[in-house]
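One structure is given below, encoded as structure tokens.
In what follows, every heavy atom counts, from backbone to side chain, and hydrogens, waters and symmetry copies are set aside.
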Amino acid sequence: LKEGSNINSGLLALGNVISALGDEQKRHSVHVPYRDSKLTRMLQDSLGGNSRTLMIACVSPVDSNSEESLNTLKYANRARNIKNTPIINRDPNSHLIAQLRKEISTLRSILKENGIYHTSLHPGSPNQTF
């Protein structure tokens with residue numbers, strides 16, 4: 001009974017977060033209650049952060065479950081209104097390193113074409129054979 005109560009409170013907190021994030025007027029003016037439950041705290045980056053998130057809603061075609069299925073679809077519709085703009089996190093130095101490696105490779109090929117570069121004289125060269 002206590003476990004079911006904890007699950008319901010977590011889902012209620014998740015619904016509050018989804019409502020706050022899904023409504024454009026509320027999103028920038030209302031506090032998003034991520035800290036209200038462990039579930040919402042764990043999903044904070046997925047819901048309003050820098051990630052792409054997918055929600056799967058399971059519904060039943062049985063008449064006896066129609067009310068629960070309708071509530072699930074409403075819940076999923078509110079989640080669909082959340083708009084994130086994920087950005088790829090890259091280290092700025094990795095781009096520079098890639099450019100420098102490409103430049104080194106280009107310069108080595110130019111030196112090889114002119115007969116100036118020999119792999120045996122440059123240990124650690126990627127073209128060196130053992």
Side-chain angles (χ1 to χ4, degrees):
L1 185 63
K2 187 174 182 179
E3 185 177 340
S5 175
N6 288 337
I7 291 171
N8 285 338
S9 67
L11 291 175
L12 178 65
L14 180 61
N16 292 337
V17 168
I18 288 173
S19 292
L21 291 173
D23 190 0
E24 281 299 318
Q25 289 89 20
K26 288 183 180 179
R27 184 172 188 158
H28 300 291
S29 62
V30 174
H31 168 71
V32 181
Y34 289 116
R35 294 185 176 190
D36 287 356
S37 79
K38 291 179 183 179
L39 177 65
T40 54
R41 192 175 300 172
M42 187 173 69
L43 294 174
Q44 181 174 357
D45 290 335
S46 298
L47 292 171
N50 188 23
S51 62
R52 190 173 286 198
T53 305
L54 174 71
M55 179 179 180
I56 299 174
C58 297
V59 295
S60 173
V62 180
D63 287 340
S64 62
N65 295 333
S66 63
E67 186 177 335
E68 190 171 336
S69 293
L70 182 62
N71 287 334
T72 301
L73 290 173
K74 287 179 183 177
Y75 196 82
N77 189 41
R78 286 189 295 164
R80 187 179 69 172
N81 292 331
I82 298 173
K83 302 294 181 208
N84 285 347
T85 52
I87 299 168
I88 297 173
N89 296 327
R90 291 191 178 150
D91 180 21
N93 293 329
S94 64
H95 180 65
L96 177 62
I97 291 169
Q99 284 180 328
L100 292 173
R101 284 185 178 158
K102 184 177 179 183
E103 185 177 347
I104 289 170
S105 175
T106 304
L107 293 172
R108 280 184 180 160
S109 65
I110 291 171
L111 290 172
K112 283 180 187 177
E113 288 173 4
N114 294 324
I116 299 171
Y117 184 81
H118 297 287
T119 56
S120 61
L121 299 176
H122 301 281
S125 169
N127 298 327
Q128 185 176 5
T129 56
F130 294 101

Can you tell me how far CG of Asn93 sits from CG of Leu100, rounded to the nearest 0.5 angstrom? 10.0 Å

Work out which heavy atom in Asn81 is nearest to a heavy atom in Gly22; give both atom names and the distance. CB-O, 3.5 Å

Regarding Asn77 and Arg80, is there a side-chain donor-to-acceptor distance under 3.5 Å anywhere? yes

To the closest 0.5 Å, what do you measure between CG (Leu39) and CD (Gln44)? 12.0 Å

Is there a chain of hydrophobic side chains (I, L, V, M, F, W, Y, each step under 4.5 Å between heavy atoms) that links Ile110 to Ile104? no

So do the side chains of Leu14 and Leu47 get within less than 4.5 Å of each other, counting heavy atoms only? yes

In this structure, CD of Glu3 is separated from CG of Asn8 (nearest 0.5 Å) by 11.0 Å

Looking only at non-hydrogen atoms, find the nearest pair between Arg35 and Arg41 and report the distance. O-NH2, 3.4 Å

Establish whether Ile97 and Leu107 are linked, either directly or via other cluster members, by ILVMFWY side-chain heavy-atom contacts under 4.5 Å. no

Rounded to the nearest 0.5 Å, the CG atom of Leu111 sits from the OG1 atom of Thr106 at a distance of 11.0 Å

Residue that, paired with Val32, satisfies side-chain contact (heavy atoms from CB on, under 4.5 Å) out of Val17, Ile18, Thr40: Val17

In one Ile/Leu/Val/Met/Phe/Trp/Tyr side-chain cluster, 4.5 Å: Ile82, Leu12: no

Is there a path of hydrophobic side-chain contacts, each under 4.5 Å between heavy atoms of I/L/V/M/F/W/Y residues, joining Leu73 to Met55? no

Only pairs at least two apart or in different chains count here, so list each side chain to side chain donor-acceptor pair (under 3.5 Å) that has a residue in residues 62-75. Ser60-Asn65

State the CG-NZ distance between Leu21 and Lys83, to the nearest 0.5 angstrom. 12.5 Å

